[in-house]
Amino acid sequence: MARDARTAAILELVDAIPRGRVMTYGDVARTLGIASPRLVGQVMARDGHEVAWHRVVLATGRPADHLVAEQCARLAEEGVPLCGRRVDLAAARWLPGSAARTSGVEGR
DNA sequence: AGCCTGACAGATA
DNA sequence: GTATCTGCCAGGC
């Protein structure tokens, strides 16, 4: 396995996402200083089975085509603002440091 | 060693 | 909003 600083950082950040919030692959990658959102997905596919992978969604606010059911169910359970099959990134998008506003739905 | 594939994102048309 | 091209990192063959 990778065990690289990048891989560890990805898993750590994903695992650090609070309940009821989500992050896009691009946001996670940029936050870690990585220029490849694919790495996030790759890491999730290999070692993401032990982290909150379901809190990571596509930039379109929609989970991976393989995880739509799983993602949607888990996110709904955690109180993530879902817009049909999509996540309301406007309220659910979480950035490290901006964790102040716990539940985005009330955020403001 | 090199080539291909893979949980994507962003820009352009 | 959809479709296409490119960029990028790591793993498998």
Side-chain angles (χ1 to χ4, degrees):
Chain A
M1 318 277 209
R3 241 66 114 249
D4 290 279
R6 283 181 250 267
T7 308
I10 292 168
L11 293 170
E12 189 176 354
L13 180 58
V14 172
D15 187 47
I17 300 174
R19 176 170 167 276
R21 297 307 282 272
V22 298
M23 277 185 83
T24 69
Y25 291 95
D27 283 352
V28 174
R30 283 196 166 194
T31 301
L32 298 173
I34 302 170
S36 301
R38 301 179 101 168
L39 255 298
V40 182
Q42 294 312 97
V43 173
M44 302 304 290
R46 304 201 178 282
D47 300 287
H49 59 86
E50 46 187 319
V51 296
W53 56 268
H54 56 264
R55 295 202 182 121
V56 187
V57 299
L58 296 174
T60 52
R62 198 178 87 171
D65 197 38
H66 332 174
L67 311 162
V68 175
E70 196 72 56
Q71 271 281 27
C72 188
R74 285 176 179 251
L75 295 176
E77 276 293 299
E78 302 194 344
V80 174
L82 291 174
C83 267
R85 277 207 266 283
R86 277 170 225 172
V87 179
D88 187 353
L89 292 176
R93 193 184 239 180
W94 176 78
L95 277 330
S98 302
R101 43 201 77 180
T102 53
S103 304
V105 283
E106 305 200 52
R108 194 267 217 112

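Keep in mind that the numbers below use all heavy atoms, side chains included, and drop hydrogens, waters and symmetry copies. Within every chain, numbering begins at 1; the chains are lettered A, B, ... in the order of the sequence lines, protein sequences first and strands thereafter.
- With respect to Arg74(A), the side-chain hydrogen bond (donor to acceptor under 3.5 Å, both in side chains) criterion is satisfied by exactly one of Glu70(A), Glu77(A), Gln71(A): Glu70(A).
- If you measure from atom CG of Asp65(A) to atom C1' of dT2(C), you get 15 Å, rounded to the nearest angstrom.
- If Ala64(A) and Arg30(A) are placed on DNA chain B by their nearest nucleotide, the residue sitting closer to the 5' end is Ala64(A).
- To the nearest angstrom, C1' of dG1(C) lies 15 Å from CG of Leu58(A).
- Here dC8(C) presents its P atom at 12 Å from CG of Leu39(A), a figure rounded to the nearest Å.
- Across all strands shown, Leu67(A) has heavy atoms under 4.0 Å from base atoms, whether or not it also approaches the sugar-phosphate.
- His66(A) places its NE2 atom 13 Å from the C1' atom of dT5(B), with the value rounded to the nearest Å.
- For the pair Ile10(A) CD1 and dG6(B) C1', the interatomic distance rounds to 14 Å; values are reported in whole Å.
- In the set dC8(C), dA9(B), dG1(C), dC8(C) carries the atom at the smallest distance from any side-chain atom of Arg38(A).
- Here dG6(B) is the nucleotide among dC9(C), dG6(B), dA9(B) with the atom lying nearest to any side-chain atom of Gln42(A).
- Across all their heavy atoms, Trp53(A) and Val14(A) have their closest contact at N-CG1, 3.9 Å.
- Atom pair Arg46(A):CZ and dT5(B):C1' shows a separation of 9 Å (rounding to whole Å applied).
- No option in Arg21(A), Arg55(A), Arg19(A) other than Arg55(A) meets the side-chain hydrogen bond (donor to acceptor under 3.5 Å, both in side chains) test with Glu78(A).
- Across the protein-nucleic acid pair, Arg62(A) atom CZ and dA9(B) atom C1' stand 15 Å apart, rounded to whole Å.
- Contact check, Arg6(A) against dA10(C): a side-chain N or O comes under 4.0 Å of OP1 or OP2.
- A 4.5 Å side-chain heavy-atom check between Val22(A) and Ile17(A) finds every atom pair outside the cut-off.
- Atom pair Arg86(A):CZ and dT2(C):C1' shows a separation of 12 Å (rounding to whole Å applied).
- Within 4.0 Å (heavy atoms only), Ala59(A) reaches sugar-phosphate atoms of the nucleic acid but no base atom.
- Of all heavy-atom pairs between Thr24(A) and Val56(A), the closest is C-CG1, 4.4 Å.
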